[in-house]
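Structure first, commentary second.
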Number of protein chains: 2
Amino acid sequence: MTTIGLRERKKRKTRIALIDAALDLFLTQGYDITTVDQVAAAVDVSPRTFFRYFASKEEVALSTCRDGQEIFLRALCSRPGEESPYQAVTQAMRVTLAALREGDPDDAQRLAKVRRLIDATPSLAAGLMCMINKGDRQLTEEVARRRGTDTDDLRTQFVVSILNTLLRVCFEHGSPDLAPLSERMERILAIAEECLRPGWDR
Amino acid sequence: MTTIGLRERKKRKTRIALIDAALDLFLTQGYDITTVDQVAAAVDVSPRTFFRYFASKEEVALSTCRDGQEIFLRALCSRPGEESPYQAVTQAMRVTLAALREGDPDDAQRLAKVRRLIDATPSLAAGLMCMINKGDRQLTEEVARRRGTDTDDLRTQFVVSILNTLLRVCFEHGSPDLAPLSERMERILAIAEECLRPGWDR
DNA sequence: TAACTTATGTCACCTCATGACAGATGACAA
DNA sequence: TTGTCATCTGTCATGAGGTGACATAAGTTA
C-alpha cells in the first residue's frame with residue numbers, strides 16, 4: 001500500500017508546480033525581473049506559501065540541481081569501501097547520470113531547463129557553485145573515511161578539492177542533453193588521470 | 001606632485017570609513033542582523049550614499065578580499081612568460097602574500113577581521129568563493145596564453161580548475177595571521193607537487 | 001462525528017536596493 | 001576672486017525579497 005496520503009500528494013504537486021512555473025517564467029522573462037509574486041500567482045498560491053516551500057527565489061531555481069546532488073551523495077556513500085576516493089566519486093557520478101537517464105523524463109527535462117537558465121543568469125551560476133561546495137562536508141567525511149584520516153588532514157582536504165573540481169568542471173558548463181554531458185565527463189576524467197600520479201588519492 | 005584632489009581624498013576616506021565601520025559592526029553584532037542603515041549612520045552618511053560606494057552589504061564585507069584578489073591577478077599577469085601556469089600562479093601567490101606583509105598594516109588588520117567575519121558567516125564564505133571563481137576568466141586567459149591553446153580547451157579548463165582549487169584551499173580556511181597562512185600555503189603546494197605528474201600544466 | 005494536526009491565506013512589518021530630483025561642494029578656468 | 005561645471009550627497013518614493021503572528025481551512029485519525 002502507498003503510505004502517503006492526500007495531503008502529502010498535494011504538497012508534492014504544488015512543489016512541482018511551483019518549480020515548473022518558476023522555471024518557465026524565469027526562462028521566458030528572465031530570472032531577475034521575475035518576481036516571487038508572479039510565480040505564486042501562476043500556481044494560484046499566496047506568496048507567503050511560496051516561501052514555505054522554498055526559502056528563496058534562488059532555491060526554487062536550483063532545487064532540481066539539489067535533488068541531483070543528493071542522488072550523487074547517496075550514490076557516493078553506498079560505493080564499496082575498497083574503492084579509492086577517486087574511484088568512488090567517479091563511479092557515483094556515472095551512477096547519477098545513469099539514474100537520470102533512466103528516471104522520470106520530466107526530471108531530465110527540468111534539468112535541461114535549469115541548465116539553460118543558469119547559462120543565462122550569472123548569479124544562479126554562482127549559486128550553483130556554492131551549492132556544489134556545500135556538499136563538501138559530506139564529501140570530506142567520505143574521503144577521510146576511505147583514506148583513514150580525520151577530516152582536518154590537509155591532504156584529505158586537497159583530495160576533496162580536486163574531486164570537487166572534477167564535479168564542477170563536469171556539471172557546470174554542460175550541454176542540456178544527457179549524452180554529451182556523459183561524454184564530456186569521460187573526457188575530463190581521462191585528462192585527470194593523465195595529470196595525476198597513480199595513488200594520489202590514497 | 002600628488003595628482004589627487006581633495007574630492008578624491010574625501011571619497012577614499014569615506015570608503016575606508018564605511019569598510020571599517022561595517023567590519024566592526026558585523027563582528028560585534030553579527031553580519032545578518034546589522035543593517036546598512038546602521039553602517040551608514042556610524043559613518044554619518046545617508047544610506048543612499050552607502051550604495052553609491054558599495055553595491056551590496058556583501059560587497060563592503062568582501063571588498064578587502066577583492067582588493068587582494070586584484071593584487072594577485074596583477075601579479076599573475078606580470079609573471080615572465082616562460083613560467084608554466086602552475087609556476088606563475090604559485091609565484092603570484094607568494095608575491096601577493098609578501099605585498100601584504102610589507103604593505104599598510106591596517107590592510108592586514110582589515111584582512112584578519114574579514115577572515116574572522118567570514119568564518120562566522122556562511123553566506124559570506126559562499127560569497128567569497130564566488131568571488132574567487134569570478135577571477136576565473138582572467139585566470140583562464142592567462143593559462144590559455146601560457147599553454148598556447150584557446151580558452152575553450154578542455155585541458156586548459158581543467159588546469160584552471162586545479163589552480164583555482166589551490167587558491168581556495170590556501171586562502172579560505174586560513175588563520176588570521178599572515179605567517180601561518182604562508183606556511184600553510186607552502187604545505188599545500190608541496191602536496192600538490194606530490195600528487196600531480198610533472199608537466200601536467202603544460 | 002469530534003478532536004487533532006498541518007497547510008494555507010491574510011496582514012503587518014522589516015531590510016535591501018534603486019530611481020529621480022534638488023542642493024551642497026570641490027575642480028577649474030578666466 | 002569669481003563664476004561655471006561636474007560630481008557627490010541627502011531626501012523622498014518605490015518595489016522586491018523575506019518573515020512572524022494569527023486565524024482558517026483542509027486532511028488525518030480516533
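Only heavy atoms go into these numbers, but all of them, side chains included; no hydrogens, no water, no symmetry mates. All values reported here derive from a predicted model rather than from experimental measurement. Just so it is clear: chains get the letters A, B, ... in the order the sequence lines come, proteins before strands, and each one is counted from 1.
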A:Arg9 CZ to D:dT28 C1', straight-line distance once rounded to whole Å: 13 Å

Below 4.0 Å: OP1/OP2 of C:dT8 and any side-chain N or O of A:Thr49: no

Rounded distance in Å - CZ (A:Phe51) to P (D:dG20): 12 Å

Under-4.0 Å salt bridge between B:Asp67 and B:Arg15: yes

More than 12 heavy atoms from other groups under 6.0 Å of CG on B:Asp104: yes

Atom CZ of B:Arg202 with >12 non-hydrogen neighbours under 6.0 angstrom: yes

Electrostatic pair B:Asp24-B:Lys113, nearest N-O below 4.0 angstrom: yes

For atom CG of B:Leu6 and atom C1' of C:dC28, their distance in whole Å: 14 Å

Test: B:Arg110 and B:Asp107 ion pair at under 4.0 Å: yes

Pairing of A:Arg94 and A:Glu186 as salt bridge, 4.0 angstrom limit: yes

Which residue lies more 5' along DNA chain D, comparing B:Thr14 with B:Arg7 via nearest heavy atoms: B:Arg7

Spacing of A:Phe50 atom CZ relative to D:dA16 atom P, expressed in whole Å: 15 Å

Any N/O donor-acceptor pair, B:Arg48 side-chain to C:dG19 base, under 3.5 Å: yes

Phosphate OP1/OP2 of C:dA7: any A:Lys11 side-chain N/O under 4.0 Å: yes

Atom-pair distance (CG on B:Asp44; C1' on D:dT9), nearest Å: 13 Å

B:Asp106 atom CG, neighbour heavy-atom count above 12 within 6.0 Å: yes

A:Val45 vs B:Pro47, nearer the 5' end of DNA chain C by closest nucleotide: A:Val45

Distance below 4.0 Å between A:Tyr53 side-chain N/O and C:dT8 OP1 or OP2: yes

Residues touching DNA chain C, which here means a heavy atom under 4.0 Å, drawn from residues 56-64 of chain B: B:Ser56, B:Lys57

Residues from residues 31-39 of chain B lying under 4.0 Å of DNA chain C - heavy atoms: B:Thr34, B:Thr35, B:Val36

Spacing of A:Lys10 atom NZ relative to C:dG9 atom C1', expressed in whole Å: 14 Å

Atom-to-atom span, CZ of A:Arg12 to C1' of C:dT8 - whole angstrom: 19 Å

Length of the CD-P vector between A:Glu8 and C:dT6, whole Å: 12 Å

A:Arg145/A:Glu141 salt bridge by N-O under 4.0 Å criterion: no

Salt bridge B:Arg66-B:Glu59, side-chain N to carboxylate O under 4.0 Å: no

